[in-house]
Visitor: 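Attaching a single structure in structure tokens format; questions to follow.
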Amino acid sequence: LIENVLSLRGDVARVLLPPDANSLAVVARDCFSSTDRVNLIVQDKQPQFQYMSMEEAEVHVEKGFGIWDWCSNEGPDNKVDVILGCAGDVVTMEVVAAAQILREKLPDLKFRVVNVVNLTTLARPKDNVCGMSDIDFSELFTDSRDVVFAFHGYPGAIHKLVHGRPDADRFHVRGFVEEGTTTTPFDMVVRNKADRYHLVMDAINNSKHKPRGSADLKRWCQEKLDRHEEYKVANLQDMPEIADWVFGAPLD
């Protein structure tokens, strides 16, 4: 469905993926008051976190994208080694969780978290009237750093949108890859390799700078994935450290 809406002209169609309740409220208000436009809102049925105040959500939805400084770990003069992007509520939670792991366990890796709420802003302005300017795109994603982008849909949709942007091949999209069954919420993202542990390993793999401790953190992530597999088979639910996770809680 996302791909079908994206195939329509930008002046008559938008794909919106609000990351929390306040942004959903703003998106819904804007969509219900619009006319002569197809608005696709993508929202999960699982409980989600609240990241923004209503005022912050208004600004975020108006732009359609933004840098989340509160969970990023940028270096001097905003220098970054890799960028974590996200579009969609569940994958946004996984990116935020991955950001916490990197901040605490590999602080010398510098990264930026970018959330996109209006998917069509990723396109070039000449391809879509909603597309962000070249300057905005460069400020978000730079022109050269690799981007690990978690998306609530097929990865190909993002690759099509960023076609023609500077070095578009540096976008490594993690999304739905036809893996899914009746299982736990976290196992769904693990099966599609869009979970926090795979994203941390992706960030390390795609950063040209490998700080000391990178290999140890990758091993730690793999151990967590192995433990998850054992736990969900034995208990038919997610591990408490996943189910009860909140940003800033101590990591073991």
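All residue numbers in this chain count up from 1 along the given sequence.
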Visitor: Which heavy atom of Val80 sits nearest a heavy atom of Phe111, and at what distance?
Guide: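 Val80 and Phe111 have their closest heavy atoms at CG1-C, 3.8 Å.
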Visitor: Provide the closest heavy-atom pair for Ala28 versus Ile41 in the form atom of the first, atom of the second, distance.
Guide: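 Scanning both residues, the minimum pair turns out to be CA-CD1, 4.3 Å.
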Visitor: Mark yes when over 12 heavy atoms from residues, nucleotides or ligands other than Lys193 sit less than 6.0 Å from its NZ; otherwise mark no.
Guide: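 Atom NZ in Lys193 is not packed in, count stays at 12 or less.
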Visitor: For atom CD of Glu62, decide whether the heavy atoms of other residues, nucleotides or ligands shown that lie under 6.0 angstrom number more than 12.
Guide: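 No.
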Visitor: Counting only heavy atoms not in Lys79, do more than 12 fall under 6.0 Å of its NZ?
Guide: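 No.
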Visitor: Side chain of Asn192, backbone of Ala194: donor and acceptor closer than 3.5 Å?
Guide: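 Checked: no pair found.
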Visitor: When you group the ILVMFWY residues by side-chain heavy-atom contacts below 4.5 Å and let the links chain together, are Val42 and Leu119 in the same group?
Guide: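 Leu119 clusters together with Val42.
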Visitor: Between Phe171 and Phe149, what is the ring plane arrangement, given parallel below 30°, perpendicular above 60°, and tilted in between?
Guide: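 Phe171 and Phe149: tilted rings.
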Visitor: When you compare the side chain of Asn73 with that of Leu109, does any pair of heavy atoms fall below 4.5 Å?
Guide: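 When only atoms from C-beta onward are counted, Asn73 and Leu109 do not touch, as no gap falls below 4.5 Å.
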Visitor: Look up atom CG in Leu17 and atom CG in Leu40, then write down how far apart they are to the nearest 0.5 Å.
Guide: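 Between atom CG of Leu17 and atom CG of Leu40 there are 7.5 Å.
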Visitor: Is the closest side-chain donor-acceptor distance between Asp20 and Ser23 under 3.5 Å?
Guide: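 The answer is yes; a qualifying pair exists.
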Visitor: Rounded at 0.5 Å granularity, tell me how far CD in Glu230 sits from CE in Met239.
Guide: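 Between atom CD of Glu230 and atom CE of Met239 there are 10.0 Å.
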Visitor: Treating Ile, Leu, Val, Met, Phe, Trp and Tyr as nodes and any side-chain heavy-atom pair under 4.5 angstrom as an edge, say whether Val177 and Phe186 lie in one connected cluster.
Guide: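 As far as the 4.5 Å side-chain criterion goes, Phe186 and Val177 are not connected within one cluster.
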Visitor: Taking atom types as modelled, is there a side-chain donor on Asn39 or Arg14 under 3.5 Å from an acceptor on the other?
Guide: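 Yes, a side-chain donor-acceptor pair sits under 3.5 Å.
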Visitor: Can you see which heavy atom on Val200 is nearest to which on Leu102, and at what distance?
Guide: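 Minimum heavy-atom separation between Val200 and Leu102: CG1-CD2, 3.8 Å.
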Visitor: Identify which one of Arg170, Arg112, Arg165 satisfies the side-chain contact (heavy atoms from CB on, under 4.5 Å) criterion when paired with Phe141.
Guide: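 The option that passes is Arg170.
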Visitor: Taking C-beta and beyond as the side chain, do Leu106 and Ser214 meet within less than 4.5 Å on heavy atoms?
Guide: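 Touching, per the 4.5 Å side-chain cut-off.
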Visitor: Please assess Asp69 against Glu74 for the test side chain to side chain contact (heavy atoms under 4.5 Å, CB included), listing each intermediate value before the final yes or no.
Guide: CA-CA 8 Å; Asp69 292 315; Glu74 298 191 18; 4.2 Å; yes
Visitor: Could you grab the distance from atom OG1 of Thr142 to atom CG of Asp167, nearest 0.5 Å is fine?
Guide: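 Rounded to the nearest 0.5 Å, the OG1-CG separation comes out at 9.0 Å.
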Visitor: Could you check whether any side-chain heavy atom of Leu251 comes within less than 4.5 Å of a side-chain heavy atom of Ile101, counting everything from C-beta outward?
Guide: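 Side-chain contact under 4.5 Å: yes.
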Visitor: Looking at Glu94 and Arg196, is any side-chain nitrogen of the basic one under 4.0 Å from a carboxylate oxygen of the acidic one?
Guide: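 Yes.
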Visitor: Is there a continuous path of hydrophobic side-chain contacts, each under 4.5 Å between heavy atoms, that joins Leu24 to Met54?
Guide: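 Yes; Met54 is reachable from Leu24 via cluster members.
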Visitor: Taking atom types as modelled, is there a side-chain donor on Asn128 or Thr120 under 3.5 Å from an acceptor on the other?
Guide: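 Their side chains do not contain a donor-acceptor pair, so the 3.5 Å distance test is not met.
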Visitor: Near His209 NE2, under 6.0 Å, is it more than 12 heavy atoms from other residues, nucleotides or ligands?
Guide: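 For His209, atom NE2 is crowded (more than 12 foreign heavy atoms under 6.0 Å).
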Visitor: Contact between His172 and Val147 at the side-chain level, heavy atoms closer than 4.5 Å - yes or no?
Guide: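 Result no, sub-4.5 Å side-chain heavy-atom pair not found.
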Visitor: Can you confirm whether Lys160 is buried at NZ, in the sense that more than 12 heavy atoms of other residues, nucleotides or ligands lie under 6.0 Å from that atom?
Guide: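 No, not enclosed.
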Visitor: Got Val189 and Val90 here, is their nearest side-chain heavy-atom distance under 4.5 Å?
Guide: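 Yes, at least one pair of side-chain atoms sits under 4.5 Å.
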Visitor: Keeping the roles fixed (side chain from Ser207, backbone from Ala203), state whether a donor-acceptor pair exists under 3.5 Å.
Guide: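 Not confirmed, Ser207 side chain does not pair with Ala203 backbone.
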Visitor: Could you check if a side-chain atom of Cys71 sits within less than 4.5 angstrom of a side-chain atom of Gln100, using non-hydrogen atoms only?
Guide: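 Cys71 does not reach Gln100 side chain to side chain.
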Visitor: Do Met132 and Val61 share a hydrophobic cluster (ILVMFWY, side-chain heavy atoms under 4.5 Å, transitive)?
Guide: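 Cluster IDs for Met132 and Val61 differ.
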Visitor: Would you say Asn22 and Ser53 are linked by a side-chain donor-acceptor pair, where the criterion is simply a distance under 3.5 Å?
Guide: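 Result is no, nothing qualifies.
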Visitor: So how far is it from Leu199 CG to Asn206 CG, rounded to the nearest 0.5 Å?
Guide: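 Going from CG on Leu199 over to CG on Asn206, the span is 11.0 Å.
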Visitor: Can a salt bridge be assigned to the pair Asp202 and Arg174 using a cut-off of 4.0 Å between side-chain N and carboxylate O?
Guide: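 The answer is yes: the pair qualifies as a salt bridge.
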Visitor: Within the structure provided, determine whether Val116 and Cys86 are in side-chain contact (heavy-atom separation under 4.5 Å).
Guide: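 Val116 vs Cys86: side chains apart.
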Visitor: Over 60° means perpendicular and under 30° means parallel, so classify the ring planes of His60 and Trp68, tilted if in between.
Guide: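 Answer is tilted, since the angle falls between 30° and 60°.
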Visitor: With no hydrogens and no angle check, is any side-chain donor or acceptor of Asp81 less than 3.5 Å from a backbone partner on Lys110?
Guide: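 Yes, Asp81 side chain to Lys110 backbone: donor-acceptor pair under 3.5 Å.
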Visitor: Could you give me the CA-CA distance, side-chain angles and deciding distance for Phe176 and Phe151, then say whether ring pair (Phe, Tyr, Trp, His ring centres under 6.0 Å) is met?
Guide: CA-CA 8 Å; Phe176 183 59; Phe151 171 51; over 10 Å; no
Visitor: Hey, is Arg191 close enough to Glu229 for a salt bridge, meaning N to O under 4.0 Å?
Guide: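 Here Arg191 does not pair with Glu229 in a salt bridge, since their nearest N and O are not under 4.0 Å apart.
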Visitor: Say you draw a straight line from CG of Leu217 to NZ of Lys105; how long is it, rounded to the nearest 0.5 Å?
Guide: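 Between Leu217 CG and Lys105 NZ, I get 7.5 Å after rounding to 0.5 Å.
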Visitor: In sequence, state the C-alpha distance, the side-chain angles, and the governing distance for Thr184 and Leu236, and then conclude on side chain to side chain contact (heavy atoms under 4.5 Å, CB included).
Guide: CA-CA 7 Å; Thr184 69; Leu236 305 179; over 6 Å; no
Visitor: Within this structure, what is the CG-CG distance for the pair Leu84 and Asn115, rounded to the nearest 0.5 Å?
Guide: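 Answer for the CG-CG pair, Leu84 versus Asn115, is 12.0 Å.
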Visitor: Do you know the tightest heavy-atom contact between Glu56 and Tyr51?
Guide: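 In terms of heavy atoms, the two residues are closest at OE1-O, 4.2 Å.
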Visitor: So, Lys63 versus Asn118: side-chain donor-acceptor pair below 3.5 Å or not?
Guide: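 No.
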Visitor: Is a side-chain donor or acceptor of Asn235 paired with a backbone partner of Tyr231 at a separation under 3.5 angstrom?
Guide: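 Judged by distance alone, yes, a pair lies under 3.5 Å.
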Visitor: Please examine the side chains of Val82 and Arg145, heavy atoms only from C-beta on, and report whether any two atoms are closer than 4.5 Å.
Guide: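 Side-chain contact under 4.5 Å: no.
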Visitor: Parallel, tilted or perpendicular: which one describes the rings of Trp245 and Phe49, with boundaries at 30° and 60°?
Guide: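 Rings of Trp245 and Phe49: perpendicular, as their planes differ by over 60°.
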Visitor: Identify the heavy atoms of Val117 and Phe65 that sit nearest to each other, and give their distance.
Guide: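 Result for this residue pair: CG1-N, 4.2 Å.
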Visitor: The test is side chain to side chain contact (heavy atoms under 4.5 Å, CB included); show your working for Lys218 and Asn205 and say whether it passes.
Guide: CA-CA 9 Å; Lys218 287 183 64 177; Asn205 289 341; 2.7 Å; yes
Visitor: Would you name the heavy atoms of Met52 and Pro19 that are closest together and state the gap between them?
Guide: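 Here Met52 and Pro19 meet closest at CE-CG, 3.8 Å.
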Visitor: Going by distance alone, is a donor N or O of one side chain under 3.5 Å from an acceptor N or O of the other, for His152 and Asp44?
Guide: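 Absent: no donor and acceptor within the cut-off.
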Visitor: Quick check: is Met93 connected to Leu225 through a chain of hydrophobic side chains (ILVMFWY, heavy atoms under 4.5 Å apart)?
Guide: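 Result: yes, single cluster for both.
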Visitor: Check the pair Cys31 / Leu16 against side chain to side chain contact (heavy atoms under 4.5 Å, CB included), numbers first and verdict last.
Guide: CA-CA 10 Å; Cys31 289; Leu16 302 150; 3.4 Å; yes
